[in-house]
**Q** 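Quick one: this structure, given as C-alpha cells, is what I'll be asking you about.
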2 protein chains.
Amino acid sequence: MEPSDCENCAIRSVALFGEIDPETVARLQDQAQEFREPAGTVLYEEGGNADAAFTLREGIIKLVRNQPGGREQIVRLLVTGDFFGAEGLFGDGHHHSAVALTPVFLCRLPNPLLEQLRTADPTFTNALLNRWRRALNEVETLALDLGARKAEERVASFLLHWQTKHGPQAEWLPLPLSRSELGDLLGLRVETVSRVMARWKREGVFEERGGHLRLLDADELHQLVDHSGA
Amino acid sequence: MEPSDCENCAIRSVALFGEIDPETVARLQDQAQEFREPAGTVLYEEGGNADAAFTLREGIIKLVRNQPGGREQIVRLLVTGDFFGAEGLFGDGHHHSAVALTPVFLCRLPNPLLEQLRTADPTFTNALLNRWRRALNEVETLALDLGARKAEERVASFLLHWQTKHGPQAEWLPLPLSRSELGDLLGLRVETVSRVMARWKREGVFEERGGHLRLLDADELHQLVDHSGA
DNA sequence: CGAGGTTTTGAGCGAATTCAATTCCGGTGG
DNA sequence: CCACCGGAATTGAATTCGCTCAAAACCTCG
C-alpha cells in the first residue's frame, strides 16, 4: 500500500480529483494510498463499516446487494475513473458489497482525508455530488430494465450500455462477467442469459473471444430496446 | 405562487433547509416560491430542462421513467420533506418525470437560488449530498426487489417499506397508488398485484378503506421478504 | 491429457402475463 | 334517496416466458 502521486495520476482528468484545486491535491495526496488486488477480492461487505472510499484506477468492480434467499443483485458496475464506497461520509455503513471482477488498481481515500477535502475545497463536494447524481441515474436505468423489460431486451440493453460506457470507438469490449453474473445483474438465470447470447452469436449479432466481445449488429439490439412495443 | 417563509416552515426540520445556517435561509428565502397543485399534475417531464428543484411539503409524488413500448417504471416515491429535480445543477435535463399522486404543496427552488446556497453555505452541498445518497440507496433497494424477488415478495417488500417511510407508529397509511401504478413500481401487471393484495385482504394480512391501508400481520410480510429462500 | 468449472442445450414446469368477464365503488343526476 | 354510469378492482382461463432440473459440450489451465 503506497502513498499516491495524485498530481500525476494517469486518470486524474476523468477521476474525482480532476475537478479539484491542484494545490489542495498536492497537500493532501500522501493520505491517499494506492494498491492492487487480484480478481475476486472483496473490497468491503454490505453493512460493513465505511471508513474509506475508493477511486478505481484500473479494472472492473461489481457492487452487489445480497438477499437471504441466496440470490444476489448487482446494482452497479464500476470502470476506470469511478468513485465509490463513500457512504461513511454520513456515518453510514456500506449499502452493498464491492467485488473485483478483474485485477484492480485502486486508490483508498480514508474518511479523514475526504473530510479535509470537503472543507478545504468546496468544489470537491460538488464533484462528489456529481458522482452521486450519475450513480443515481445509472441505477434508475437499471430499475427500468429490470421492471419494464423482458429477458431479451434486458440483455440487449446491457450490451449497448456497456458499449457506451467504454466509448463507442472501442471495438472489443472487456466482459469480465460470467453468464451467471450477467444474470445477477439483469434479474435472470444463467440459462436464460446463455440462451439469448448463444443465439445472438449464431446469428452474428456479436462475437466473443477470450473474455471480450464485439458488437456486429448494434442496430438489431437498438431495435429490441427502444422499439420494444411493436 | 407565493414567496416562501422558510424560516418558519412547518417541515423545516425534516427538509433540506433544516441543516442550513438560519441567517442564509433568511436572506435567500424570498427566491423560493411555494405553490399547490392538484393530483395528477405533471411537475416536469423526463428529458425536460431542469431550471429549478423542488421540496415536497405535503402530498405524494411519483418519479417515472417512460419506455417507448408504453410501459412505465416508477423509480421513486416522494413524501413530505423530500427534495427532488435538482439535475439542473449539473446542466442536465430531468432524468424522469414527476407526477403528483395527491394534491401537493411544493416549494420551487430555482437554479440561481441553489447556486447561491451552494456558495454561501458549504453545509448546503452536504445536505444535498446526503439526499442524493439516500435516493441512491432507495433505488438500489428497488433494483433488488425488481431483480431478485418474485411477485408476492415484491408486494410485501413495498408494503413494509411504505410503512417504514410513514413511521411505524402510523396506523393507517395513505395509499394513493392504483393497483396499476403499484404494478408500474414493482414491475408487475395490474392483475398480479390485485390477486396478491385481494388474497391478503381475505386472509387478514391488511385492511383497506378509502385509499388508506393498515397492516394487521406485518410478520407474515416480513417472513415473505427476508426468509424468501426457504 | 485430464479435471473442474463454465457455457450451452433440451425438456418439462410454473409463475406471471394476457385476454376476457364480472364485481365493486364513488360520484352524478333524476 | 336511489338508480345508474364509468373507472378501478377482482376473478377466471388460457398462454407464454423464463425457471428448474438434467445432461452434454467447451474451455482453461495445471
Side-chain angles (χ1 to χ4, degrees), chain A residues 38-40 67 69-73 101-103 145-159 174-213 224 228-230, chain B residues 38-40 67 69-73 101-102 145-159 174-203 205-213 224 228-230:
Chain A
Q67 239 221 317
R71 289 188 86 146
E72 73 174 44
Q73 178 65 40
L101 293 176
T102 64
D145 281 348
L146 293 173
R149 293 203 231 263
K150 47 185 74 154
E152 227 185 15
E153 299 162 2
R154 291 185 209 175
V155 182
S157 172
F158 165 77
L159 290 179
L175 187 69
L177 299 176
S178 68
R179 300 289 126 115
S180 170
E181 283 169 322
L182 281 172
D184 291 340
L185 174 66
L186 300 173
L188 303 169
R189 311 264 79 180
V190 200
E191 298 92 332
T192 306
V193 176
S194 176
R195 270 183 252 271
V196 172
M197 295 188 70
R199 177 161 52 78
W200 283 347
K201 276 200 285 192
R202 272 195 300 275
E203 298 173 357
V205 176
F206 72 92
E207 53 178 337
E208 195 175 21
R209 276 164 53 190
H212 289 247
L213 63 75
L224 267 172
S228 99
Chain B
Q67 238 220 315
R71 290 187 85 146
E72 73 175 41
Q73 179 64 40
L101 293 177
T102 64
D145 280 349
L146 292 172
R149 292 202 231 266
K150 49 185 72 155
E152 228 186 13
E153 300 161 2
R154 290 185 209 175
V155 182
S157 172
F158 165 75
L159 290 177
L175 187 69
L177 300 175
S178 67
R179 299 291 126 111
S180 170
E181 283 169 321
L182 281 172
D184 292 340
L185 174 67
L186 300 173
L188 303 168
R189 312 263 79 181
V190 201
E191 298 92 332
T192 308
V193 176
S194 176
R195 270 183 251 272
V196 172
M197 294 189 69
R199 178 160 52 75
W200 284 347
K201 276 201 283 191
R202 271 194 299 275
E203 297 172 358
V205 175
F206 72 92
E207 53 178 338
E208 195 175 22
R209 275 165 54 190
H212 289 247
L213 64 75
L224 267 171
S228 99

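What you see is a predicted model; the values in this text were computed from it and never measured. No hydrogens, no waters, no symmetry mates; every other heavy atom, side chains included, goes into these values.
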**Q** A:Glu208: what forms a salt bridge (Lys or Arg N to Asp or Glu O under 4.0 Å) with it, not counting sequence neighbours?
**A** A:Arg179, A:Lys201
**Q** So do A:Leu175 and A:Phe206 actually touch side chain to side chain, heavy atoms under 4.5 Å?
**A** no
**Q** Hey, could you give me the CG/CG distance between A:Leu188 and A:Leu146, rounded to the nearest 0.5 Å?
**A**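 It is 8.5 Å, given to the nearest 0.5 Å.
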**Q** Nearest-Å distance, CH2 (B:Trp200) to P (D:dT10)?
**A** 13 Å
**Q** Tell me: CG of A:Leu101 to C1' of C:dT6, nearest whole Å?
**A** 16 Å
**Q** When you measure from every atom of DNA chain C, which of residues 175-188 of chain B have a heavy atom less than 4.0 Å away?
**A**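 Heavy-atom cutoff 4.0 Å gives B:Gly187, B:Leu188.
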**Q** What is the distance from CZ of A:Arg71 to P of D:dG18, rounded to the nearest Å?
**A** 13 Å
**Q** Give, for atom CD of B:Glu152 and atom CH2 of B:Trp200, the distance between the pair rounded to the nearest 0.5 Å.
**A**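 Answer for the CD-CH2 pair, B:Glu152 versus B:Trp200, is 5.5 Å.
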**Q** Nearest whole angstrom, please: distance from the P of C:dA15 to the CZ of A:Arg189.
**A** 14 Å
**Q** C:dT8 phosphate, OP1 or OP2: any side-chain N/O from A:Lys201 under 4.0 angstrom?
**A**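 Yes.
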**Q** Polar atom pairs between nucleotides 21-26 of chain C and protein, under 3.5 Å, N or O only, would you list them?
**A**
none

**Q** Taking B:Arg154 for its side chain and B:Arg149 for its backbone only, find out whether a donor-acceptor pair lies under 3.5 Å.
**A** yes
**Q** Rounded to whole angstrom units, what separation is found between the CG atom of A:Leu146 and the P atom of C:dA16?
**A** 15 Å
**Q** Are B:Arg71 and A:Glu153 close enough, and set up right, to give a salt bridge (Lys or Arg N to Asp or Glu O under 4.0 Å), and what steps lead you there?
**A** CA-CA 13 Å; B:Arg71 290 187 85 146; A:Glu153 299 162 2; over 6 Å; no
**Q** Taking all non-hydrogen atoms of both residues into account, name the closest pair between A:Leu213 and A:Met197 and its distance.
**A** CD2-CE, 4.4 Å
**Q** Does the A:Gln73 side chain pair with the main chain of A:Leu185, one donor and one acceptor, at a distance under 3.5 Å?
**A** yes
**Q** In whole Å, I'd like the distance from the CE atom of A:Met197 to the P atom of C:dT6.
**A** 16 Å
**Q** List every contact pair, protein side and nucleotides 11-14 of chain D side both N or O, where the distance is under 3.5 Å.
**A**
unit_1: D:dT11; atom_1: OP1; unit_2: B:Arg202; atom_2: NH1; d: 2.7
unit_1: D:dT11; atom_1: OP2; unit_2: B:Arg202; atom_2: NH1; d: 3.0
unit_1: D:dG12; atom_1: N7; unit_2: B:Arg195; atom_2: NH1; d: 3.0
unit_1: D:dG12; atom_1: O6; unit_2: B:Arg195; atom_2: NH2; d: 3.3
unit_1: D:dA13; atom_1: N6; unit_2: B:Arg195; atom_2: NH2; d: 3.4

**Q** Quick one: salt bridge (Lys or Arg N to Asp or Glu O under 4.0 Å) partners of A:Glu191, sequence neighbours excluded?
**A**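 For A:Glu191, no residue satisfies salt bridge (Lys or Arg N to Asp or Glu O under 4.0 Å) once neighbours in sequence are set aside.
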**Q** For the pair made of CZ in A:Arg209 and P in D:dC27, what is the distance, rounded to whole Å?
**A** 12 Å
**Q** Could you measure the distance from the CG atom of A:Leu182 to the CZ atom of A:Arg189? Nearest 0.5 Å is fine.
**A**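 Going from CG on A:Leu182 over to CZ on A:Arg189, the span is 13.5 Å.
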**Q** Starting from the C-alpha separation in whole Å, work towards a yes-or-no answer on side chain to side chain contact (heavy atoms under 4.5 Å, CB included) for A:Phe158 and A:Leu177.
**A** CA-CA 12 Å; A:Phe158 165 77; A:Leu177 299 176; 4.0 Å; yes
**Q** Between A:Asp145 (CG) and D:dG18 (P), how many Å, whole number?
**A** 13 Å
**Q** Can you find a side chain N or O atom of B:Lys150 that sits less than 4.0 Å from OP1 or OP2 on D:dC19?
**A**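 Answer no for this pair, as no side-chain N or O of B:Lys150 is under 4.0 Å from OP1 or OP2.
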**Q** Taking five pairs at each end of the helix from C:dC1-D:dG30 to C:dG30-D:dC1, what angle separates the two helix axes (nearest 10°)?
**A**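 For the helix from C:dC1-D:dG30 to C:dG30-D:dC1, the axes at opposite ends meet at about 30°.
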